[in-house]
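Below is one structure, written out as structure tokens; comments come after it.
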Amino acid sequence: MRVVLDGLVMGESTRWHDGRLWFCDWGAGEIVVMNADQPEVVARIDDFPFCIDWLPDGRLLVITGRGLLLRREPDGSLVTHADLTALGGTHPWNDIAVDSRGHAYVNNIGFDFPGGEPAPGLIAVVDPDGTARQVADGVRFPNGMAVTADDRTLIVAESYAGRLTAFTIAADGSLGDRRTWAALGTGVPDGICIDAEGAVWYADVPNKCCVRVREGGEILRTVELDRGGFACAVGDDNLYAVTAVYPSTDGPAGQLVAVTL
């Protein structure tokens, strides 16, 4: 394991996009892209949490905790792509995954975090024209999400249920055929990604690891970390993960690490 970047506050939402690694530092309010091992801050977000993905035309989408889906224009400005506050109330929005047709799936954890009484969350879809609607509910702390390469399946990490849950994606962006993609036992999935073989990597905070699993639940590989794993991404023959001591009482304790696959 190699430490690529030290001093993060709380890294999340790792993405491999156009040959570079991107991630969010929630504590610093920054969206960061790595140029080799050099970080570049491309946007600042005054909210918590916030996660990223891209529209098919290459424009960046950012879902903020308070429910604004922002779109980054070619000049770097951020505009509102959709307002989701009517769907999620005051509960925070979390992760985002976009399919090749421009459907943006975003999830809401369903309760105030931290400190709130746990309750089921929901998943919404934002159509390419900005129309938003709920497409799933009863998700136990929806966390990382990813769309399979064929655009047929959305995979969602249910952190409080210890499983990866799959939905079949309809042509209009609706979700159906809900099923357990992998039961993880004591695993607590946070951020996820899908690799070239269709296996899922998930980061795990309390168990301090990243785990590769295939559909059905077979564990293919476990990478031990020295602190909690919040999100991971595969690119350039590496597994990248953002990690942190959580909770930290000694200031920024987050890192971006890499493991050669």
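- In terms of the side-chain hydrogen bond (donor to acceptor under 3.5 Å, both in side chains) criterion, Thr153 has no residue partners (sequence neighbours excluded).
- Counting only heavy atoms from C-beta outward, the side chains of Asp127 and Arg133 approach each other to under 4.5 Å.
- Atoms CE and OG1, on Met10 and Thr243 in that order, are 11.5 Å from each other to the nearest 0.5 Å.
- The other members of the hydrophobic cluster of Val156, by chain and number, are Tyr105, Ile123, Val125, Val135, Val139, Met145, Val147, Leu154, Phe167, Ile169, Leu175 (side-chain heavy atoms under 4.5 Å, ILVMFWY only).
- Under the 6.0 Å cut-off for aromatic ring centres, Tyr240 and Phe23 do not qualify, their centroids lying 6.0 Å or more apart.
- For the pair Asp172 (side chain) and Ser174 (backbone), a donor-acceptor distance under 3.5 Å is present.
- Judged purely by atom type and a 3.5 angstrom limit, Asp75 uses its side chain to pair as donor or acceptor with the backbone of Ser77.
- For Ile52 against Cys24, the heavy-atom pair with the smallest separation is CG2-SG, 3.8 Å.
- Residues Phe50 and Glu12 form no side-chain contact, since every pair of their non-hydrogen atoms from C-beta on lies 4.5 Å or further apart.
- Remark: side-chain polar atoms of Ser159 are paired, donor with acceptor, to backbone N or O of Pro189 under 3.5 angstrom.
- Here CG of Leu261 is found 7.0 Å from CG of Asp237. Values are rounded to the nearest 0.5 Å.
- No donor-acceptor pair under 3.5 Å is formed between the side chain of Asp6 and the backbone N or O of Gln255.
- A pairwise comparison of heavy atoms in Ala157 and Ile192 identifies CB-CG2, 3.9 Å as the closest pair.
- Shown here is Arg152, whose CZ atom has no more than 12 heavy atoms of other residues, nucleotides or ligands within 6.0 Å.
- Taken from CH2 in Trp181 to OG1 in Thr148, the straight-line distance is 10.0 Å, to the nearest 0.5 Å.
- You'll find the side chain of Val126 stays beyond 4.5 Å of the side chain of Leu61, heavy atoms only.
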Item to check | His91 vs Asp112, side chain to side chain contact (heavy atoms under 4.5 Å, CB included): CA-CA, chis, key distance, verdict | outcome: CA-CA 5 Å; His91 301 140; Asp112 293 332; 3.4 Å; yes

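- To the nearest 0.5 Å, atoms CD1 (Ile155) and SG (Cys193) are separated by 10.5 Å.
- A salt bridge (charged side-chain N to carboxylate O under 4.0 Å, His left out) check over residues 81-97, counting only residues at least two apart or in different chains, returns the pairs Arg15-Asp95.
- Contacts of Arg59 classified as salt bridge (Lys or Arg N to Asp or Glu O under 4.0 Å), with partners at least two apart in sequence or in another chain: Asp57, Glu73.
- Residue pairs meeting the salt bridge (charged side-chain N to carboxylate O under 4.0 Å, His left out) criterion with at least one partner in residues 173-198, sequence neighbours excluded, are Glu158-Arg178, Asp177-Arg179, Asp195-Arg212, Glu197-Arg212.
- To the nearest 0.5 Å, atom CG of residue Leu60 and atom CG of residue Leu78 are 7.5 Å apart.
- Without hydrogens or angle criteria, Asn94 side chain to Pro142 main chain gives a donor-acceptor distance under 3.5 Å.
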Checklist entry - Passes side chain to side chain contact (heavy atoms under 4.5 Å, CB included), Leu70 versus Thr80? Steps please. => result CA-CA 5 Å; Leu70 306 177; Thr80 298; 4.1 Å; yes

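- Annotation: side chain to side chain donor-acceptor pair (under 3.5 Å) contacts involving residues 21-34, sequence neighbours excluded, comprise Glu30-Arg44.
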Item to check | side chain to side chain contact (heavy atoms under 4.5 Å, CB included) between Leu87 and Trp93, worked out | outcome: CA-CA 10 Å; Leu87 293 177; Trp93 294 83; 4.0 Å; yes

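- The SG atom of Cys232 lies 5.5 Å from the CG atom of Leu239; values are rounded to the nearest 0.5 Å.
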Next on the checklist: Quick one, Phe230 with Val205, criterion side chain to side chain contact (heavy atoms under 4.5 Å, CB included). Give me CA distance, side-chain angles, the key distance, then yes/no.
Outcome noted: CA-CA 6 Å; Phe230 283 80; Val205 176; 3.8 Å; yes

